[in-house]
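Quick notes on the structure that follows.
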Amino acid sequence: GYVGGFIAAFLANLSIVIPVPYTVVIVLIAATGINPLVLGIVSGIGAGIGESSSYFLGYFGQALTKDIYKRNLAVLRRLIAKKRWYVYLILFLIGATPIPDDIFIVPLGFLRYGFWQMLLPVALGKMIITILLSVFGRYSNVAMALVGSNQSGLTSNTLTLVASVL
């Protein structure tokens with residue numbers, strides 16, 4: 001149920017290098033008939049918290065970086081200071097899409113960017129994508145029942161393929 005969605009999203013986003021497709025799990029949990037809005041919110045929170053591992057990798061890994069990288073990060077720090085609202089928007093968008101977000105979040109940890117300033121837009125984006133996936137899973141179950149038992153296996157496989165691409 002909801003705890004399973006939270007754990008699946010958390011563990012999948014805890015992974016820094018290897019992408020883990022938790023979207024299929026969210027769709028399948030939603031297809032059991034539970035509230036897709038609650039599942040999406042809970043899963044989005046789990047995914048956002050899981051992404052904090054990337055932030056902390058950068059935060060604590062900064063001491064290990066070479067001086068040349070520190071100069072590049074200084075340029076990035078100045079850019080972020082000038083375009084703060086763009087950073088929020090970018091963090092929200094990368095949270096709301098299935099692209100790997102670690103390449104954006106790790107440097108923010110290096111820069112000692114505010115943890116909550118990173119977490120809130122990412123978690124909100126994750127909530128949007130998991131709510132959409134939950135609604136898809138919930139109502140695709142209804143669609144499979146309408147199609148009939150002869151074709152539901154094909155429909156189920158197709159829906160799972162589409163959800164995993166998302």
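Side chains are part of it too, since the values below use all heavy atoms of this structure and drop only hydrogens, waters and symmetry mates.
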Review point. Can you tell if the side chain of I99 reaches within under 4.5 Å of the side chain of F104, non-hydrogen atoms only?
Key: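 I99 reaches F104 side chain to side chain.
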
Review point. Which residue pairs satisfy the side-chain hydrogen bond (donor to acceptor under 3.5 Å, both in side chains) criterion with at least one member in residues 44-59, sequence neighbours excluded?
Key: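 Only S54-D102 qualify under side-chain hydrogen bond (donor to acceptor under 3.5 Å, both in side chains).
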
Practice item. Hey, could you give me each pair passing side-chain hydrogen bond (donor to acceptor under 3.5 Å, both in side chains) that has a residue in residues 36-48? Not counting sequence neighbours. Key: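 Found none.
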
Could you tell me which residues satisfy side chain to side chain contact (heavy atoms under 4.5 Å, CB included) with [X], sequence neighbours excluded, listed by chain and number?
{"X": "L111", "result": "L73, L76, R77, I80"}
{"X": "L93", "result": "L89"}
{"X": "L11", "result": "I7, L14"}

Check your understanding: What residues, two or more places apart in sequence or in another chain, satisfy ring pair (Phe, Tyr, Trp, His ring centres under 6.0 Å) together with Y86?
Key ->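 Here no residue qualifies.
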
Exercise for review: Sequence neighbours left out, what passes ring pair (Phe, Tyr, Trp, His ring centres under 6.0 Å) with W85? Give chain and number order.
Suggested key: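 Counting only residues at least two positions away or on another chain, W85 forms a ring pair (Phe, Tyr, Trp, His ring centres under 6.0 Å) with Y88.
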
Selection [range] - residue pairs positive for salt bridge (Lys or Arg N to Asp or Glu O under 4.0 Å), sequence neighbours left out:
{"range": "residues 15-31", "result": "none"}
{"range": "residues 23-40", "result": "none"}
{"range": "residues 6-23", "result": "none"}

Could you pull out every donor-acceptor pair under 3.5 Å between side chains of residues 120-133 and any protein atom, sequence neighbours left out?
from : atom 1 : to   : atom 2 : distance (Å)
K126 : NZ     : N13  : OD1    : 3.3
K126 : NZ     : D101 : OD2    : 3.0
T130 : OG1    : G40  : O      : 2.6
T130 : OG1    : G44  : N      : 3.3
T130 : OG1    : K126 : O      : 2.8
T130 : OG1    : M127 : O      : 3.2

Atom [atom1] of [X] and atom [atom2] of [Y]: how far apart are they, to the nearest 0.5 Å?
{"X": "L108", "Y": "I90", "atom1": "CG", "atom2": "CD1", "result": "9.5 Å"}
{"X": "F56", "Y": "F115", "atom1": "CZ", "atom2": "CZ", "result": "4.5 Å"}
{"X": "F6", "Y": "L39", "atom1": "CZ", "atom2": "CG", "result": "12.5 Å"}

Check your understanding: Between Y2 and I41, is there a donor-acceptor pair closer than 3.5 Å when you use the side chain of the first and the backbone of the second?
Key ->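 No; zero donor-acceptor contacts below 3.5 Å.
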
**Study point:** Residues forming a side-chain hydrogen bond (donor to acceptor under 3.5 Å, both in side chains) with S134, sequence neighbours excluded
**Key:**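 Not a single residue meets the side-chain hydrogen bond (donor to acceptor under 3.5 Å, both in side chains) criterion with S134.
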
